[in-house]
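Have a look at the structure below, then the notes.
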Amino acid sequence: MNGALRDAVRERFGTQAVADQELFVQPATSEKFGDLQCNVAMPLARRLGRAPREVAAGLLEGIRWPKCVERVEIAGPGFINIFLSEKWLAGYCARLLQDERCLVPEVGAGRVVVMDYSSPNVAKPMHIGHIRSTVIGSALDRMYRYLGYRVIADNHIGDWGTQFGILILGYRHFVDQEALRRSPVEELERVYAASYAKARTDREWMEQARRELVKLQRADPENLALWSRFVQLSLQEFERIYRRLGVRFDLVRGESYYRDRLSGIVAMLKERGLARESEGAQVVFLEEEGLPPCIVQKRDGGFNYATTDLATIESRIQEFSPQKILYVTDERQQLHFRQIFAIARRVGWNTELVHVWFGLMRLPEGTFSTREGNVIRLELLLDEAERRALEIVRQTSPSMPEDQQEEVARAVGIGAVKYADLSQNPQSTVVFTWDKALSLEGNSAPYLQYTCARIQSVLDKYRETIGPLPSAESLELTHPQERRVAVRLVRFADVVLRSASRYRPNLLADYLSDLAKEYNTFYQNVPFLKSEPGVRESRINLCRATAAVLRRGLTLLGIETPRRI
RNA sequence: GCGCCUGUAGCUCAAUUGGACAGAGCGUCAGCCUCCGGAGCUGAAGGUUGCAGGUUCGAUCCCUGCCAGGCGCACCA
């Protein structure tokens with residue numbers, strides 16, 4: 001359809017008239033304006049100095065529409081309203097029902113994208129601040145994979161750096177082995193905090209920590225063994241959380257993985273005249289880009305995160321030749337990545353680098369920090385989510401066996417936590433409250449899961465009382481509400497594409513809740529199991545198609561859909 | 001001081017990057033047949049999109065200036 005319009009524009013107004021990327025058709029803003037609309041006539045009219053309606057009329061004259069178009073109207077100042085053929089809509093839903101992929105095209109086939117998300121620090125428990133990167137990153141990961149991209153999800157954990165000197169020293173003096181066995185990461189964090197506090201007032205202690213760090217960097221066996229143990233303990237705990245969240249990485253390469261490349265990066269930057277000495281450090285100046293200078297080697301000869309990130313890019317390009325590398329981090333790193341990307345461009349690395357940033361998570365009383373002691377551990381949040389969900393499941397499904405209740409509570413609770421984050425614009429700041437994070441009503445995961453379970457139940461009932469599910473071909477739209485559902489099903493593929501290409505899972509979440517709402521209206525107001533044979537089968541198929549899209553959509557967001565909830 | 005972001009219904013959030021009378025959920029109010037799962041459905045009330053200008057057929061969106069808040073700005077990541 002876009003093609004037909006674009007061709008018509010080119011033919012009548014010249015090839016320069018519109019850019020390739022320009023959006024031509026979009027969902028209509030109201031159903032009285034049809035199913036789709038095209039607004040291209042108005043900007044075009046301005047450029048041509050003609051009346052918009054006249055341009056629209058000229059555009060439509062003799063245009064060769066695809067067969068899905070029933071009729072077209074010009075309205076208002078020059079809107080082109082497109083009405084889809086009912087028969088085509090029904091046919092599309094029938095095809096969607098028979099297609100494993102819900103007719104979502106594999107636009108990413110043959111393309112590679114590296115994704116960098118979650119990335120917690122070793123020796124610190126994951127807290128609620130980590131959830132956005134993990135959940136948003138994981139949703140984008142799933143969407144890109146589904147679109148046919150080869151995705152390499154790399155958990156770039158903070159496992160190297162100055163903090164390990166302090167930690168090793170603290171470990172030697174303060175560790176409580178019993179506590180370490182009980183709750184390893186919690187204990188490591190305590191040890192680190194104690195050592196850090198001492199270092200701030202005690203110069204000698206600070207100096208010792210620095211020596212421990214140097215020993216580690218020179219591969220002293222004892223310190224290396226300790227470091228490696230800290231990493232292992234932390235990874236085990238992270239893994240436990242990832243399992244609960246259904247998050248999986250292809251690689252877990254911490255910063256340490258790139259440590260042997262760091263001096264090479266700096267040497268390369270110097271050689272190309274990009275880095276030069278300033279105040280004892282090696283610095284890349286980025287005046288042309290309007291950015292502040294970026295330090296790539298400290299005065300003491302040590303490297304910092306900028307160096308590591310550059311080395312990481314180099315390594316990823318060499319190993320995977322990705323078209324794109326995605327970083328999902330909070331907004332505070334915007335400047336840092338703009339610097340890194342600018343340097344990468346100067347070096348000549350032409351992989352597309354994208355910083356997908358999201359707003360900070362805060363508490364009502366302000367920013368949280370380890371030092372303030374007001375962090376909320378991620379595991380605690382997940383526990384609470386499941387607990388609240390279980391309470392409700394027990395109320396609403398008292399006859400369900402206990403282990404199934406728990407299983408449902410898990411899916412619902414975790415789903416609610418994820419959905420709370422995924423359903424809003426990533427870039428907005430989140431003020432954390434328990435009730436918001438664990439919302440189980442309104443526009444929430446359980447509403448969508450409930451809708452899926454209801455459809456499942458309808459299908460079960462059909463098989464029980466009528467027979468095997470009907471052939472997928474029989475699908476007709478005989479009620480206006482069916483049409484509303486069908487129009488939305490048709491949009492699914494576009495929504496997935498748009499949501500992925502704009503790095504906005506909330507666009508998909510919005511769509512799913514809209515679809516579920518239309519379906520529930522249908523469910524509530526239009527009989528189907530009790531309607532006449534024929535119509536009944538058609539409506540059952542519409543239910544099935546809806547379920548397929550809801551399930552697929554939720555899976556892309558990383559949310560489970562239990563058969564019953 | 002410079003830069004990035006945010007400000008939308010009482011509350012929590014949308015709005016397909018300039019489109020048609022700004023939409024949902026929660027809360028409030030009024031309803032839903034011995035009927036497929038009531039975690040549901042139908043309806044009502046609720047708005048000067050922070051403020052003031054500008055650009056044009058048209059602005060929550062773009063430009064300028066204010067106000068309020070968040071974040072960042074050379075050796076932490």
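First the proteins, then the strands, lettered A, B, ... as listed; each starts at 1.
In this structure, B/rC66 forms a base pair with B/rG50, meeting either the Watson-Crick or the G-U wobble geometry with both donor-acceptor distances under 3.5 Å. Base pairing annotation: B/rU28 forms a Watson-Crick or G-U wobble pair with B/rA44, both donor-acceptor distances under 3.5 Å. A 3.5 Å limit on both hydrogen-bonding distances identifies B/rC71 as the Watson-Crick or G-U partner of B/rG3. Within the shown strands, nothing qualifies as a pairing partner of B/rA20 under the Watson-Crick or G-U definition with both distances less than 3.5 Å.
One finds no side-chain N or O of A/Lys436 lying less than 4.0 angstrom from the OP1 or OP2 phosphate oxygen of B/rC26. A sub-4.0 Å separation between OP1 or OP2 of B/rG69 and a side-chain N or O of A/Arg362 is absent.
Backbone-only contact: A/Arg504 has heavy atoms under 4.0 Å from sugar-phosphate atoms and none from a base. Contact annotation for A/Ala306: no contact, since no heavy-atom pair falls under 4.0 Å across all strands.
With rounding to the nearest 0.5 angstrom, the CG atom of A/Leu326 is 6.5 Å from the CG atom of A/Leu140. Taking OG1 of A/Thr307 as the start and CD1 of A/Ile265 as the end, the distance is 8.5 Å to the nearest 0.5 Å.
Of the P atoms belonging to B/rG47 and B/rU42, the separation is 23 Å, rounded to the nearest Å. For the C1' atoms, the distance linking B/rU28 with B/rG46 amounts to 10 Å, nearest Å. The separation of B/rA22 from B/rA9, taken at their C1' atoms, amounts to 11 Å, rounded to a whole angstrom. For the P atoms, the distance from B/rC63 to B/rU55 is 15 Å, rounded to whole Å. Separating the C1' atom of B/rC13 from that of B/rC57 is a span of 32 Å, rounded to the nearest Å. B/rC29 and B/rU34 have their P atoms separated by 26 Å, with the value rounded to a whole Å. B/rU6 and B/rA74 have their C1' atoms separated by 28 Å, with the value rounded to a whole Å. Here, B/rC51 and B/rU56 have their P atoms 23 Å apart, quoted to the whole Å.
You'll find a donor-acceptor pair under 3.5 Å spanning the side chain of A/Tyr305 and the base of B/rA77, going by distance alone. Between the side chain of A/Asn520 and the base of B/rA39, no donor-acceptor pair of N or O atoms lies under 3.5 Å. Not a single donor-acceptor contact under 3.5 angstrom links the side-chain atoms of A/Ser444 to the base of B/rA39.
Glycosidic torsion of B/rU17 falls within 90° of 0, placing the base in syn.
Spacing between atom CD of A/Glu287 and atom P of B/rC2 amounts to 18 Å, rounded to whole angstrom units. Between the P atom of B/rA77 and the CZ atom of A/Phe303 lies a distance of 12 Å, rounded to the nearest Å. A/Tyr327 places its OH atom 16 Å from the P atom of B/rA77, with the value rounded to the nearest Å. For the pair A/Asn121 CG and B/rC76 C1', the computed distance is 10 Å after rounding to whole Å. If you take CG of A/Asn39 and C1' of B/rA15, they are 15 Å apart, rounded to a whole angstrom. Between A/Gln524 atom CD and B/rG38 atom C1' the separation is 8 Å, expressed in whole Å. Nucleotide B/rC13 holds its P atom 13 Å from the CG atom of A/Asp435, rounded to whole Å. Summarising the geometry, the separation between CZ on A/Arg564 and P on B/rG40 is reported as 18 Å, rounded to the nearest angstrom.
In this structure, of B/rG37, B/rC57, B/rC21, it is B/rC21 that holds the atom nearest to the side chain of A/Ser30. When distances run from any side-chain atom of A/Asn506 to the nucleotides B/rU16, B/rG72, B/rA14, the shortest one goes to B/rA14. Comparing atom distances between the A/Leu335 side chain and each of B/rG72, B/rG58, B/rG40 picks out B/rG72 as nearest. If you check B/rG40, B/rA15, B/rC13 against the side chain of A/Tyr447, the one that comes closest is B/rG40. Side chain of A/Val283, nearest nucleotide from B/rA14, B/rC41, B/rA74: B/rA74. Listed candidates were B/rA20, B/rC57, B/rU42. Nearest to the side chain of A/Asn81 is B/rA20. Proximity note for A/Pro292 (side chain, C-beta onward) versus B/rU56, B/rG37, B/rC73: the nearest is B/rC73. With distances taken from any side-chain atom of A/Val412 to the nucleotides B/rC41, B/rG37, B/rA39, the minimum falls on B/rA39. Proximity note for A/Ile295 (side chain, C-beta onward) versus B/rC57, B/rU16, B/rA74: the nearest is B/rA74. Of the listed nucleotides (B/rA74, B/rG40, B/rC36), B/rC36 has the atom at the smallest distance from the side chain of A/Leu529.
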Using atom names, set out every protein N or O paired with an N or O of nucleotides 3-7 of chain B below 3.5 Å, distance rounded to 0.1 Å.
{"unit_1": "B/rC4", "atom_1": "O2'", "unit_2": "A/Gln334", "atom_2": "OE1", "d": "2.8"}
{"unit_1": "B/rC4", "atom_1": "O2'", "unit_2": "A/Gln334", "atom_2": "NE2", "d": "3.4"}

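Stacking between A/Tyr450 and B/rG40 is absent: the aromatic ring centre is not both under 5.5 angstrom from the base six-membered ring centre and within 30 degrees in plane angle. Stacking of A/Tyr523 onto the six-membered ring of B/rG40 is not present when judged by under 5.5 angstrom between centres and under 30° between planes. Centre separation under 5.5 Å together with a plane angle under 30° holds for the ring of A/Phe528 and the six-membered base ring of B/rC36, marking them as stacked.
Between A/Tyr462 and A/Phe528, the distance from one ring center to the other does not fall under 6.0 angstrom. Aromatic pair A/Phe341/A/His336: centroids not less than 6.0 angstrom apart. In this structure, A/Phe79 has its ring center at least 6.0 angstrom away from the ring center of A/Phe33.
When each of A/Tyr258, A/Tyr257, A/Tyr305 is paired with A/His156, the ring-ring contact (aromatic ring centres under 6.0 Å, His included) condition holds for A/Tyr258 and for no other.
Between A/Glu279 and A/Arg299 there is no salt bridge, since no side-chain nitrogen of the basic residue lies less than 4.0 Å from a carboxylate oxygen of the acidic one.
Nearer the 5' end of RNA chain B, as judged by each residue's closest nucleotide, is the contact made by A/Gly442, out of A/Gly442 and A/Lys461. RNA chain B is contacted by both A/Gly161 and A/Met42; A/Met42 maps to the nucleotide lying nearer its 5′ end (nearest heavy atom per residue).
Ring pair A/Tyr196/A/Tyr192 is parallel by interplanar angle, where below 30° counts as parallel and above 60° as perpendicular.
A/Phe285 carries A/Arg276 over the face of its six-membered ring, with the cationic atom under 6.0 Å from the centre and within 45° of the normal. Cation-pi geometry between A/Arg338 and A/Trp357 is not satisfied (NZ or CZ under 6.0 Å from the ring centre, within 45° of the ring normal).
Residues A/Met206 and A/Ala199 come closest through the heavy atom pair SD-CB, 3.7 Å.
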